[in-house]
Amino acid sequence: MKTREQAIKYGLTFPNTYKDIPFHDPNWVLIRVEGSKKAFLWTYERNGYINLNVKVNPEWRDFWRKTYKSVTPGYHQNKEHWNTIILDGTIPDKDIKQMIAESYDLVTDSPTKRIYEAVKQIPKGHVATYAQIARLAGNEKMSRAVGNALHNNPDPENIPCFRVVNAKGELPGNFAFGEGVQERLLKEDGIEIIDGKVDLEKYKWNK
C-alpha cells in the first residue's frame, strides 16, 4: 500500500464509514464513523510520502514503532494514542491494514459493542447471566444495559442472546424473543428447561 487512494478504499470497507475533507484543504482526507463522526484514519502528504494517522492502543503503540522505522508518533496528534504510518513501501500491506483495523475498533468501541462481543463467547450448551455479561463487558453495574442491548440485537444468528438468563436462571420472557423462542433455542443447545428456569449449577458458563 503506497497511495492515498488505496488507504481510503480500505478504510471505507469498514461498516458505517465515510470520507471527509474537514479543513477545506484537499491534502487532509479523513475517514470517519457515521453517528459519532469520529475519525479513525487520517491521510495526508508530507515530505513526498502519503502518511496515515491511526489510533493505537498504548499496549501496541511502541511495538509498531519499534518494528518499523516508518511508524512514528502521531503527527499533529496525541502521541500517546496515535501513530503515523509513512507509506514508503517498507511496511507489509497486512500490517498496515491491521493497524487501520485496530484504529477503527478503538474509535467505535462502545458498551453495547462490548456486550455483544461478550455474548458471542458463550459456548453452545451453556448460559450466562446478565451480571456476568456486564462484568465481561467492563462494568458489573450495567446489567440493565445488557438487557436493552439483547432486546435490540442486530444480528441474532451470530450474537446468541438467547443464552443469557437472569441471576436465578429464569428466562426473561416472551417480549425479548417471541413466544417460546428462547426456550426452544436453549433446548436445541441441549439445555434442560424446568418451569421456565435453567439450572445454573449445571449449565452456567464458567467465565
Side-chain angles (χ1 to χ4, degrees), residues 1-121 133-139 142 145-146 148-149 152-155 157-159:
M1 186 182 295
K2 289 187 177 181
T3 69
R4 186 198 303 267
E5 290 72 22
Q6 290 172 319
I8 290 173
K9 183 178 179 180
Y10 181 68
L12 291 173
T13 64
F14 294 91
N16 305 315
T17 54
Y18 67 97
K19 183 170 69 173
D20 186 26
I21 304 176
F23 309 125
H24 305 291
D25 178 356
N27 186 42
W28 290 85
V29 181
L30 281 57
I31 307 298
R32 296 186 186 273
V33 177
E34 294 176 0
S36 70
K37 298 184 179 180
K38 292 182 179 179
F40 68 97
L41 176 61
W42 299 58
T43 74
Y44 54 95
E45 184 176 350
R46 182 169 179 259
N47 297 330
Y49 293 105
I50 295 298
N51 285 209
L52 312 177
N53 282 9
V54 293
K55 195 164 189 180
V56 63
N57 188 317
E59 294 179 2
W60 285 92
R61 175 194 61 218
D62 295 332
F63 168 81
W64 290 117
R65 293 177 189 176
K66 290 177 181 177
T67 302
Y68 298 111
K69 290 183 178 179
S70 294
V71 176
T72 62
Y75 176 68
H76 270 323
Q77 288 184 280
N78 184 318
K79 292 171 174 50
E80 183 178 354
H81 297 286
W82 291 83
N83 276 347
T84 291
I85 305 168
I86 302 170
L87 298 185
D88 60 1
T90 64
I91 308 173
D93 279 10
K94 64 179 181 64
D95 286 344
I96 296 173
K97 290 180 176 180
Q98 182 175 338
M99 285 185 272
I100 294 173
E102 289 172 353
S103 181
Y104 174 83
D105 286 343
L106 287 168
V107 166
T108 57
D109 185 41
S110 68
T112 298
K113 180 180 178 181
R114 294 197 300 272
I115 288 168
Y116 291 146
E117 290 303 315
V119 172
K120 287 180 183 179
Q121 297 178 50
I133 294 300
R135 175 175 56 78
L136 291 171
N139 187 341
M142 63 179 185
V146 172
N148 290 336
N152 295 289
N153 185 353
D155 188 9
E157 290 188 8
N158 294 303
I159 305 173

**Item:** Gap separating the CG atom of N148 from the OG1 atom of T112, nearest 0.5 angstrom
**Value:** 8.5 Å
**Prompt:** Looking at CG of N51 and NE2 of H76, how far apart are the two atoms once the value is rounded to the nearest 0.5 Å?
**Reply:** 11.5 Å
**Request:** Could you tell me which residues satisfy ring-ring contact (aromatic ring centres under 6.0 Å, His included) with Y49, sequence neighbours excluded, listed by chain and number?
**Result:** none
**Request:** Not counting sequence neighbours, which residues clear ring-ring contact (aromatic ring centres under 6.0 Å, His included) with F14? List them please.
**Result:** Y10, F40, Y104
**Asked** Quick one: side-chain contact (heavy atoms from CB on, under 4.5 Å) partners of Q77, sequence neighbours excluded?
**Response** W42, N53, W82
Residues 24-31 side chain polar contacts: donor-acceptor under 3.5 Å, at least two apart:
| from | atom 1 | to | atom 2 | distance (Å) |
| --- | --- | --- | --- | --- |
| D25 | OD1 | N27 | N | 3.0 |
| N27 | OD1 | R4 | NH2 | 3.4 |
| N27 | OD1 | E45 | N | 2.8 |
| N27 | ND2 | E45 | O | 3.3 |

Only distances under 3.5 Å count here; give the side-chain donor-acceptor pairs of residues 86-102 to other protein atoms, sequence neighbours excluded, each with its distance to 0.1 Å.
| from | atom 1 | to | atom 2 | distance (Å) |
| --- | --- | --- | --- | --- |
| D88 | OD1 | S70 | OG | 3.2 |
| D88 | OD1 | T90 | N | 3.1 |
| D88 | OD1 | T90 | OG1 | 2.7 |
| D88 | OD2 | S70 | OG | 2.4 |
| T90 | OG1 | S70 | OG | 3.2 |
| D93 | OD1 | M1 | N | 2.1 |
| D93 | OD2 | M1 | N | 3.3 |
| D95 | OD2 | Y68 | OH | 2.3 |
| Q98 | NE2 | E102 | OE2 | 3.0 |
| E102 | OE1 | W64 | NE1 | 3.4 |

**Asked** What residue pairs, at least two apart or across chains, pass salt bridge (Lys or Arg N to Asp or Glu O under 4.0 Å) with a residue in residues 29-40?
**Response** D20-R32
**Request:** Count the heavy atoms belonging to other residues, nucleotides or ligands that lie under 6.0 Å from NZ of K113, then report whether that count exceeds 12.
**Result:** yes
**Item:** Which residues share a side chain to side chain donor-acceptor pair (under 3.5 Å) with T67, sequence neighbours left out
**Value:** none
**Asked** Partners of D155 by side chain to side chain donor-acceptor pair (under 3.5 Å), sequence neighbours excluded?
**Response** N158
**Complete:** Hits for salt bridge (Lys or Arg N to Asp or Glu O under 4.0 Å) against R114, two or more places apart or cross-chain, chain-then-number order -> D109
**Request:** Keeping to residues at least two apart or across chains, list the salt bridge (Lys or Arg N to Asp or Glu O under 4.0 Å) pairs with something in residues 70-86.
**Result:** none
**Prompt:** For F63, what residues pass the ring-ring contact (aromatic ring centres under 6.0 Å, His included) criterion, not counting sequence neighbours?
**Reply:** W60
**Asked** Residues two or more places apart in sequence or in another chain: which of them pass salt bridge (Lys or Arg N to Asp or Glu O under 4.0 Å) with K2?
**Response** none
